[in-house]
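Quick notes on the structure that follows.
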Amino acid sequence: FMVHDSDIACYWLFENGRLLDEYNSCPDYFNDDADGSSEPSGGQPDVLLRFCRGGIARSDLEAILEQDTTFAEGVVEQLANALGIDEERAISDFRDADGGDGPAGDDETDDDDGDHDDDDDPGPADILSMKSGLANRLAKMFGGDSGHEVADPQATALVLAAAEDDITAIDRLLAAGATINAEAVGPLPKGQPAAGLGQLFPGGAPQFKMTPLLAATIHQKRAAAKRLLEAGADVNQINPIFGAPVHAATGAGHVELLRLIIDHGGNINARNQQGMTPLQVITNGRTTLDRLAEVQTMMKSMNMKLPALGDQLSKVTLPTESWTACEQLLMDRGAR
């Protein structure tokens, strides 16, 4: 396996020294003339399936290889799980080597004069440890999956189908027994500022889990959301990042999707993990717009370098006009 900058996932499958299959999730990544819309290259599910653990279907592998994921580590983790390989081992590299020990395997090493070296200056192992600790804290703050839990291929496939508005796949997966309210790592919509967080983590940014209904909502796929609601999806399940579907639809400014969710029992006064109602999400979004320019100016004046994050924020377009329509709908339905 190989991951580059959380953007590209690759693998090479060998058997007895012979290359059987290879895969690149973004083959035109380094092509300056490409428009960024290239499809993944390689990746043969029929070849991979022979090496997978029991219970993995060809369709599960297709869903993994064809997904448009925010963090490439997620592709490798899902493939590793399907192949029965430890996910953490699959995404580890030289930066994840066991830290804290000296060359001789001791926490303290001897100087030439025989004294222990108790210099407080951090060495490479200390820096790695600090970065790893920061990643774990940020992962918890963002509600990410830092425990590398074993992913359910059916749940992952259902989340991806919802994000892509693939009703046929949704019906097939539900008929096959996929749990409609199970959470799995799913892609974020294009332009999400969270994508820039990938470079702040030594092993890739935290994975964002979501239910299929939430995936359909944040990707503004009304048909998929309608099908899932009709099939009994929990309309008020709270996600640590996005809140309930009413919060996600409101934040996206999709008034028809918001109306659909409310009509199926969505709580218009639900509070997300930050304690905000959907109306407060709109207020907070408007406040964010006012402060964004100030934050960017401050970052530049302090020479703060957060890789890609500032650029991501500057390109995000917030649906200010649609927020007004969502606000009116919420108030008409009695939100406060």
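Positions are given from 1 along the sequence.
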Q) Taking side chain as C-beta onward, heavy atoms only, is P40 less than 4.5 Å from L65? A) no

Q. Any donor-acceptor pair under 3.5 Å linking the side chain of N236 with the backbone of G265?
A. yes

(Q) Within this structure, what is the CG-OG1 distance for the pair L228 and T211, rounded to the nearest 0.5 Å? (A) 8.0 Å

Q. Which of these, V235, I268, N267, sits in a side-chain contact (heavy atoms from CB on, under 4.5 Å) with I262?
A. I268

**Q.** Nearest-0.5 Å distance that lies between atom OG1 in T250 and atom CD in Q280
**A.** 12.0 Å

Q.
Any non-hydrogen side-chain atom of R53 less than 4.5 Å from a side-chain atom of N81?
A. yes

Q) Closest approach of A249 and T217, non-hydrogen atoms and distance? A) N-CG2, 3.5 Å

Q. Measuring from H264:NE2 to D234:CG, what's the distance to the nearest 0.5 Å?
A. 13.5 Å

Q) Just one of D171, D166, D165 clears the salt bridge (charged side-chain N to carboxylate O under 4.0 Å, His left out) bar with R227, so which one? A) D171

Q) Does V75 reach the side chain of I64, with side-chain heavy atoms less than 4.5 Å apart? A) yes

(Q) Looking at every heavy atom in both P278 and V246, which two are closest together, and how far apart are they? (A) CG-CG2, 3.8 Å

Q) Within the distance-only criterion (no hydrogens, no angle test), does the side chain of D21 pair as donor or acceptor with the backbone N or O of V47 below 3.5 angstrom? A) no

**Q.** Heavy-atom side-chain proximity of L188 to F208 below 4.5 angstrom
**A.** yes

Q. Which is it for H254 and C326 under the side-chain contact (heavy atoms from CB on, under 4.5 Å) test, yes or no, and what are the steps along the way?
A. CA-CA 7 Å; H254 199 300; C326 289; 5.9 Å; no

Q: Kindly check if the number of other-residue, nucleotide or ligand heavy atoms within 6.0 Å of CD (E321) is above 12?
A: no

Q) Quick one: does I91's side chain get under 4.5 Å of E77's, heavy atoms only? A) yes

Q. Shortest non-hydrogen contact from A63 to L160?
A. O-CD1, 3.4 Å

Q) How close do D86 and R89 get, heavy atom to heavy atom, and via which atoms? A) OD2-N, 2.9 Å

Q) If you measure from the Lys or Arg side-chain nitrogens to the Asp or Glu carboxylate oxygens, is any gap between D263 and R333 under 4.0 Å? A) yes

(Q) I'd like to check Q273 versus H247 (side-chain heavy atoms, cut-off strictly below 4.5 Å). Are they in contact? (A) no

Q. For the hydrophobic clusters of this structure (ILVMFWY residues joined by side-chain heavy atoms under 4.5 Å, transitively), does one cluster hold both M331 and L258?
A. yes

**Q.** I238-I218 co-clustered via ILVMFWY side chain contacts under 4.5 Å
**A.** no

Q: Just do the side-chain contact (heavy atoms from CB on, under 4.5 Å) check on Q220 and E256 with the steps written out, would you?
A: CA-CA 10 Å; Q220 302 182 42; E256 291 305 318; over 6 Å; no

**Q.** Shortest non-hydrogen contact from L174 toward L158
**A.** CD2-CD2, 4.0 Å

Q. Checking H219 side chain against P187 main chain: does a donor-acceptor pair fall under 3.5 Å?
A. yes

Q | Basic-acidic side-chain contact under 4.0 Å: R286, E327 | A | yes

(Q) Quick check: is L20 connected to V76 through a chain of hydrophobic side chains (ILVMFWY, heavy atoms under 4.5 Å apart)? (A) yes

Q: Give the ring-plane orientation class for Y23 versus Y11, where under 30° counts as parallel, over 60° as perpendicular and anything between as tilted.
A: parallel

Q) If every non-hydrogen atom of Q78 is compared with every non-hydrogen atom of T156, which pair is closest and at what distance? A) OE1-CG2, 3.0 Å

Q: State whether the side chain of N272 and the backbone N or O of M276 hold a donor-acceptor pair below 3.5 Å, judged by distance alone.
A: yes

**Q.** Euclidean distance, C26 SG relative to E39 CD, rounded to 0.5 Å
**A.** 10.0 Å

Q) Side chains of L330 and R336: does their closest heavy-atom pair fall under 4.5 Å? A) no

Q. Just wondering, do P27 and Y29 contact through their side chains at under 4.5 Å, heavy atoms?
A. no

(Q) Holding to side-chain hydrogen bond (donor to acceptor under 3.5 Å, both in side chains), I want the full list of residues that pass it with R222, two or more places apart in sequence or in another chain. (A) none

Q. Does L61 share a hydrophobic cluster with W12, counting links as ILVMFWY side-chain heavy atoms below 4.5 Å and allowing steps through other members?
A. no

Q: Starting at CD of Q274, measure out to CD1 of I241 and round the result to the nearest 0.5 Å.
A: 7.5 Å

(Q) Is there a continuous path of hydrophobic side-chain contacts, each under 4.5 Å between heavy atoms, that joins F1 to L19? (A) no

Q. What residues form a side-chain hydrogen bond (donor to acceptor under 3.5 Å, both in side chains) with E164, not counting sequence neighbours?
A. none

**Q.** Between CG on residue L79 and CG on residue L48, distance to nearest 0.5 Å
**A.** 6.5 Å

